[in-house]
Amino acid sequence: MMTKSAKCPICGQPASPDYRSFCSRRCADVDLGRWFGGNYRIPGQPVAEGDGEKAEINDET
Ligand SMILES: [Zn+2]
């Protein structure tokens, strides 16, 4: 049994098994971006995952 209480190193939320030690694809991308030079977004990466990336920016009502 896997009783690992892994937490997303990016946002601190419970990690999803689908994304290893991350909670979402987005956080995994963020971490990946850090490895590639501290850049948030990866050049050439299509932003069509529908992961609610823009929803966060629009959350200013
Ligand atoms: Zn996260």
Side-chain angles (χ1 to χ4, degrees):
M1 240 201 200
M2 295 175 81
T3 328
K4 269 190 188 171
S5 50
K7 277 207 275 188
C8 176
I10 305 298
C11 65
Q13 287 188 70
S16 168
D18 284 337
Y19 301 99
R20 303 264 189 148
S21 48
F22 303 100
C23 71
S24 65
R25 166 76 187 280
R26 186 165 167 265
C27 282
D29 278 349
V30 171
D31 188 74
L32 193 71
R34 286 181 180 177
W35 278 100
F36 274 95
N39 225 348
Y40 175 78
R41 191 167 298 186
I42 306 165
Q45 186 103 339
V47 195
E49 290 285 344
D51 227 20
E53 197 166 301
K54 279 184 180 172
E56 189 174 277
I57 311 173
N58 280 335
D59 198 27
E60 207 181 289
T61 313

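When a ligand or atom number is given, it counts from 1 through the structure's own listing order.
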*Specify the closest pair of heavy atoms between Cys23 and Gln13, including all atoms of both residues, with the distance to one decimal.*
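Closest heavy-atom pair between Cys23 and Gln13: CB-CB, 4.2 Å.
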*Environment of the Zn ion (ligand 1) in terms of protein N/O/S atoms, cut-off under 2.8 Å*: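 You should have found Cys8 SG, Cys11 SG, Cys23 SG, Cys27 SG.
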*Under the side chain to side chain contact (heavy atoms under 4.5 Å, CB included) rule, collect the residues that match up with Ser21, sequence neighbours excluded.*
none
